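If you're wondering where the values come from, they're calculated on a predicted model, not measured in any experiment.
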Amino acid sequence: MMRPLSVFFCLFCFMSCQSHDKKKHASKKKIEKTVNAEPKQTKTDTVVKTKPTIKKTIFPIEGTYVIENDDAACEMTLMLSYKADQLVYKLTTNTRTLADKAEIELNESKDGYYLTLKNIEWSENEGTLDDEGEPIDPDITLPTEIGGLLDKNQITIQNTGNVMNYYVKIEECNAKYIRLIKK
């Protein structure tokens with residue numbers, strides 16, 4: 001009579017072990033899903049970018065912006081428009097015409113944007129200078145993006161640096177700040 005009981009016990013152990021293995025395997029899958037899960041995205045209205053599209057802007061951005069200065073040697077026009085939901089620019093100076101993608105990002109006070117014009121190599125950049133006026137990093141590369149501030153009807157670009165951080169973004173204009181007014 002011991003045999004049927006031992007068979008019953010073995011059968012019970014086998015069934016329990018299988019059930020335990022299934023639970024263990026399911027639990028392991030749940031842990032793997034949790035570990036490999038994508039972080040939840042939270043909605044925020046602090047940053048508005050053109051990647052891939054801009055859904056809403058706080059003021060109209062598209063248009064033609066013309067330089068405001070008295071220097072005839074410094075002529076500049078910047079056109080901003082959307083093509084296939086991508087903000088693009090066309091920059092025309094007295095010596096060249098450049099066109100590519102642009103991006104905007106809402107500023108901290110949420111009343112304007114930071115504007116970035118892509119694929120425009122700076123004219124000069126020595127970076128940070130030492131006390132003798134020599135570059136600290138002699139192998140510095142020229143940046144390929146020009147940033148500015150975009151307010152309702154004006155774009156302001158800091159075109160040159162100072163004695164501690166020497167650069168010139170657009171050599172066609174000898175102004176420290178380039179102000180482009182929307183027409």
Side-chain angles (χ1 to χ4, degrees), residues 41 43-130 133-183:
Q41 298 292 327
K43 290 186 177 184
T44 178
D45 62 350
T46 57
V47 176
V48 179
K49 288 191 174 183
T50 57
K51 292 181 181 177
T53 62
I54 268 215
K55 295 186 172 52
K56 182 180 175 186
T57 57
I58 56 177
F59 53 80
I61 293 169
E62 291 182 285
T64 301
Y65 298 80
V66 179
I67 194 159
E68 176 189 71
N69 72 357
D70 295 329
D71 184 4
C74 181
E75 296 176 19
M76 187 178 300
T77 302
L78 177 66
M79 293 179 4
L80 294 176
S81 61
Y82 284 98
K83 291 195 178 167
D85 292 331
Q86 172 65 54
L87 185 63
V88 295
Y89 72 88
K90 181 179 179 184
L91 177 69
T92 304
T93 69
N94 53 351
T95 61
R96 59 185 172 159
T97 298
L98 302 163
D100 208 319
K101 295 177 182 176
E103 293 182 354
I104 57 171
E105 182 178 331
L106 196 60
N107 66 15
E108 290 86 8
S109 50
K110 299 180 183 179
D111 60 356
Y113 295 98
Y114 297 115
L115 172 69
T116 304
L117 306 175
K118 302 288 191 171
N119 294 316
I120 301 177
E121 188 174 90
W122 290 16
S123 298
E124 299 178 54
N125 184 24
E126 293 185 10
T128 306
L129 305 176
D130 63 18
E134 295 298 317
I136 291 176
D137 182 4
D139 297 326
I140 196 165
T141 59
L142 291 173
T144 58
E145 295 182 348
I146 292 183
L149 300 175
L150 172 60
D151 291 319
K152 287 186 180 181
N153 295 317
Q154 176 176 296
I155 297 171
T156 304
I157 298 169
Q158 183 172 344
N159 192 41
T160 62
N162 53 37
V163 295
M164 297 299 293
N165 184 19
Y166 180 77
Y167 62 84
V168 177
K169 294 179 182 177
I170 302 172
E171 68 184 348
E172 292 95 312
C173 286
N174 196 20
K176 179 152 183 88
Y177 292 97
I178 296 173
R179 285 186 177 76
L180 300 161
I181 307 300
K182 190 173 187 178
K183 297 296 174 188

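Interatomic distance, Leu150 CG to Thr116 OG1, rounded to the nearest 0.5 Å: 10.5 Å.
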Exercise for the section: Report the C-alpha distance between Thr156 and Gln154 in whole Å, list the side-chain angles of each, state the deciding distance to 0.1 Å, and finish with yes or no for side-chain hydrogen bond (donor to acceptor under 3.5 Å, both in side chains). Expected result: CA-CA 7 Å; Thr156 304; Gln154 176 176 296; 3.1 Å; yes
Handout entry: Pair Thr95-Glu172, side-chain hydrogen bond (donor to acceptor under 3.5 Å, both in side chains): steps then yes or no
Key = CA-CA 7 Å; Thr95 61; Glu172 292 95 312; 2.9 Å; yes
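Residues Asp151 and Asn153 have side chains not in contact (no heavy-atom distance under 4.5 Å, counting atoms from C-beta outward). Here the side chains of Ile170 and Arg96 are in contact, with some heavy-atom distance below 4.5 Å. A 4.5 Å side-chain heavy-atom check between Cys173 and Ile67 finds at least one atom pair inside the cut-off.
Summarising the geometry of Leu142 relative to Trp122, their closest heavy-atom pair is CD1-O, 3.4 Å, with the distance given to 0.1 Å. Annotation for Tyr82 and Ile61: closest pair OH-CD1, 4.2 Å, computed over non-hydrogen atoms. In terms of heavy-atom proximity, Leu115 sits nearest to Ala102 at CD1-CB, 4.3 Å. Contact record, Glu62 with Ser81: OE2-CA, 3.4 Å, taken as the closest heavy-atom pair.
Ion pairing between Lys118 and Glu145 holds under the 4.0 Å rule for side-chain N and carboxylate O. Look at Glu124 and Lys169 and you find no salt bridge, because none of the NZ, NE, NH1 or NH2 atoms lies under 4.0 Å from a carboxylate O.
Asn125 contributes a side-chain N or O that, together with a main-chain N or O of Gly127, makes up a donor-acceptor pair within less than 3.5 Å. Side chain of Asp100 to backbone of Leu117: no donor-acceptor contact under 3.5 angstrom is found.
By the neighbour-count criterion of 12 heavy atoms within 6.0 Å, atom NZ of Lys176 is densely surrounded, having more than that number from other residues, nucleotides or ligands.
In this structure, Phe59 has its ring center under 6.0 Å from that of Tyr113.
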